[in-house]
Amino acid sequence: MTARGNEPFWNLSLSEKGVTFEVMGQEQRFEAPGFERSVVDGRPQITARQGGETLVITVTERLCADTMTGMPFPVGVEVEVRGQRFVGCGGDSMTAIEGGWRVIRLGTDELPAGVIATVVFGRDGQVSGKSGCNRFSGPYTLSGEGLSFGNLAQTKMACESPAMEVEQRMSELMAKVTRVTPGENGQIRLMTGDEQAMVLDRAL
């Protein structure tokens with residue numbers, strides 16, 4: 001697992017080789033060849049010891065937003081070492097968004113009753129789903145800077161309103177998405193700058 005945090009910037013690496021933790025600008029670095037796992041108050045905890053010093057990592061299984069970019073990560077991470085506490089996010093952003101989602105809002109508006117829209121993020125960089133009427137597919141890019149969709153191909157079936165209205169609006173919004181950030185209760189929000197474009201909830 002890797003984790004990171006801001007103000008101050010810090011990085012954590014956890015692997016079979018051990019633990020490495022460093023804080024940028026403070027010349028602070030902790031390395032240990034091994035660690036112990038436990039569960040405290042229902043949360044995974046990792047303890048590493050080296051040279052009389054102890055580092056404790058606590059993992060919270062919830063979507064976590066990077067405080068600089070808003071990017072989602074699958075877990076929250078706290079690191080305690082040398083009397084200091086560092087709070088940040090861990091894991092892979094892809095893990096936080098991959099899989100199937102149900103669109104529950106376009107902008108701030110809920111979808112009309114009976115209209116279904118979905119988005120499925122594949123680990124291969126392909127996205128697919130249903131935009132109210134037709135199905136779509138194409139590429140997307142997720143990086144440390146944000147989220148964007150490429151040219152999306154779409155089937156050409158005709159539907160009655162409001163499904164067609166939802167489809168047109170959803171297509172317009174997806175073309176403008178610049179980033180993704182955690183929402184409430186495990187949801188994610190697709191953003192256009194600082195404006196909410198879509199809210200997605202995990203598909204059942």
Side-chain angles (χ1 to χ4, degrees), residues 1-4 59-77 88-204:
M1 183 186 74
T2 59
R4 53 185 278 189
V59 178
T60 303
E61 296 181 359
R62 60 172 175 80
L63 282 182
C64 177
D66 183 276
T67 57
M68 295 287 287
T69 66
M71 288 292 290
F73 290 84
V75 295
V77 177
C89 301
D92 180 6
S93 288
M94 179 64 72
T95 302
I97 73 165
E98 73 173 320
W101 299 85
R102 181 169 49 91
V103 181
I104 60 173
R105 290 183 184 275
L106 295 177
T108 58
D109 301 323
E110 294 184 2
L111 265 63
V115 177
I116 297 174
T118 60
V119 179
V120 181
F121 292 100
R123 185 164 281 272
D124 60 356
Q126 294 292 306
V127 64
S128 61
K130 183 178 180 181
S131 53
C133 176
N134 287 281
R135 301 199 65 80
F136 66 88
S137 63
Y140 75 95
T141 300
L142 178 70
S143 68
E145 302 302 318
L147 170 73
S148 62
F149 297 100
N151 293 326
L152 301 178
Q154 191 161 269
T155 57
K156 302 296 183 181
M157 184 174 64
C159 296
E160 296 182 357
S161 180
M164 289 302 296
E165 295 174 1
V166 167
E167 181 167 290
Q168 180 177 354
R169 188 177 180 197
M170 183 171 168
S171 297
E172 292 173 351
L173 289 171
M174 289 184 74
K176 298 176 181 178
V177 167
T178 58
R179 63 190 182 96
V180 55
T181 188
E184 299 178 351
N185 301 319
Q187 299 169 351
I188 57 174
R189 300 193 301 157
L190 306 189
M191 308 292 291
T192 300
D194 293 329
E195 294 186 3
Q196 177 175 289
M198 301 166 61
V199 179
L200 310 183
D201 199 2
R202 273 294 181 191
L204 299 176

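The structure displayed is predicted, hence computed values, not measured ones.
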Q) How far apart are the C-alpha atoms of Phe149 and Leu173, what are their side-chain angles, what is the distance that settles it, and do they pass the side-chain contact (heavy atoms from CB on, under 4.5 Å) test? A) CA-CA 10 Å; Phe149 297 100; Leu173 289 171; over 6 Å; no

Q | Nearest heavy-atom neighbours spanning Thr181 and Gly70 | A | OG1-O, 2.8 Å

Q: Decide yes or no for Val103 and Val119: does some side-chain heavy atom of the first lie under 4.5 Å from some side-chain heavy atom of the second?
A: yes

Q.
Atom CG of residue position Asp124 - does it have more than 12 heavy atoms of other residues, nucleotides or ligands inside 6.0 Å?
A. yes

**Q.** The single option from Met191, Arg189, Met170 passing side-chain contact (heavy atoms from CB on, under 4.5 Å) against Met198
**A.** Met170

Q. Can you tell if the side chain of Val166 reaches within under 4.5 Å of the side chain of Pro112, non-hydrogen atoms only?
A. yes

Q: Measure the OG-NZ distance between Ser137 and Lys130 for me, rounded to the nearest 0.5 Å.
A: 15.0 Å

Q: For the pair Arg123 and Asp92, find out whether any cationic side-chain nitrogen is under 4.0 Å from an anionic carboxylate oxygen.
A: yes

(Q) Could you report the tightest heavy-atom contact between Met94 and Tyr140, atom names first, then the distance? (A) SD-OH, 3.2 Å

**Q.** CG-CZ distance between Leu152 and Arg135, expressed to the nearest 0.5 angstrom
**A.** 13.0 Å

**Q.** CD (Glu172) with more than 12 external heavy atoms under 6.0 Å
**A.** yes

Q. Any sub-3.5 Å donor-acceptor pair from Thr118's side-chain atoms to Arg102's backbone N or O?
A. no

Q | Verdict with supporting geometry, Val120 and Trp101, side-chain contact (heavy atoms from CB on, under 4.5 Å) | A | CA-CA 6 Å; Val120 181; Trp101 299 85; over 6 Å; no

Q: Using a 4.5 Å cut-off on heavy atoms from C-beta on, say whether the side chain of Ile104 contacts that of Gln187.
A: yes

Q) Shortest non-hydrogen contact from Thr108 to Gln196? A) CA-NE2, 4.1 Å

**Q.** Single hit among Asp66, Leu63, Thr95 for side-chain contact (heavy atoms from CB on, under 4.5 Å) with Phe73
**A.** Asp66

(Q) Show, in sequence, the C-alpha distance, side-chain angles and deciding distance for Gln126 and Ser128, and conclude whether the side-chain contact (heavy atoms from CB on, under 4.5 Å) test is met. (A) CA-CA 7 Å; Gln126 294 292 306; Ser128 61; over 6 Å; no

**Q.** Working for side-chain contact (heavy atoms from CB on, under 4.5 Å), residues Met1 and Val77
**A.** CA-CA 11 Å; Met1 183 186 74; Val77 177; 4.2 Å; yes

Q) Of the non-hydrogen atoms in Val177 and Ala197, which two are nearest, and what is the gap between them? A) CG2-CB, 4.3 Å

Q) Heavy-atom distance under 4.5 Å between the side chains of Asp109 and Arg169, does that happen here? A) yes

Q) Under 4.5 Å between any side-chain heavy atoms of Met164 and Pro162, yes or no? A) no

Q) Taking Thr155 for the side chain and Met157 for the main chain, is one N or O donor matched with an acceptor at less than 3.5 Å? A) no

Q | Close side-chain approach of Ile97 to Pro72, heavy-atom, < 4.5 Å | A | yes

Q) Looking only at atom types and distance, does a side-chain atom of Glu167 sit under 3.5 Å from a main-chain N or O of Asn134, one as donor and one as acceptor? A) yes

Q. How far apart are the closest heavy atoms of Arg202 and Gly100, and which atoms are they?
A. NH1-O, 3.6 Å

Q) When rounded to the nearest 0.5 angstrom, what is the spacing between CD in Gln168 and OG in Ser161? A) 10.5 Å

(Q) Checking side-chain polar atoms at under 3.5 Å, does Thr192 have a donor or acceptor matched by the opposite partner on Arg179? (A) no

**Q.** Minimal non-hydrogen separation, Ala65 against Pro182, with atom names
**A.** CB-CD, 3.5 Å

Q) Testing Ile116, Leu106, Val199 for side-chain contact (heavy atoms from CB on, under 4.5 Å) with Leu111, which one passes? A) Leu106

Q | Ser93 and Leu142, any side-chain heavy atoms less than 4.5 Å apart | A | yes

Q. Got a second to check how far Leu200's CG is from Phe121's CZ, nearest 0.5 Å?
A. 6.0 Å

(Q) Nearest 0.5 Å, please: how far is CE in Met71 from SG in Cys89? (A) 11.0 Å

Q. Going by heavy atoms in the side chains, are Ser171 and Gln154 under 4.5 Å from each other?
A. yes

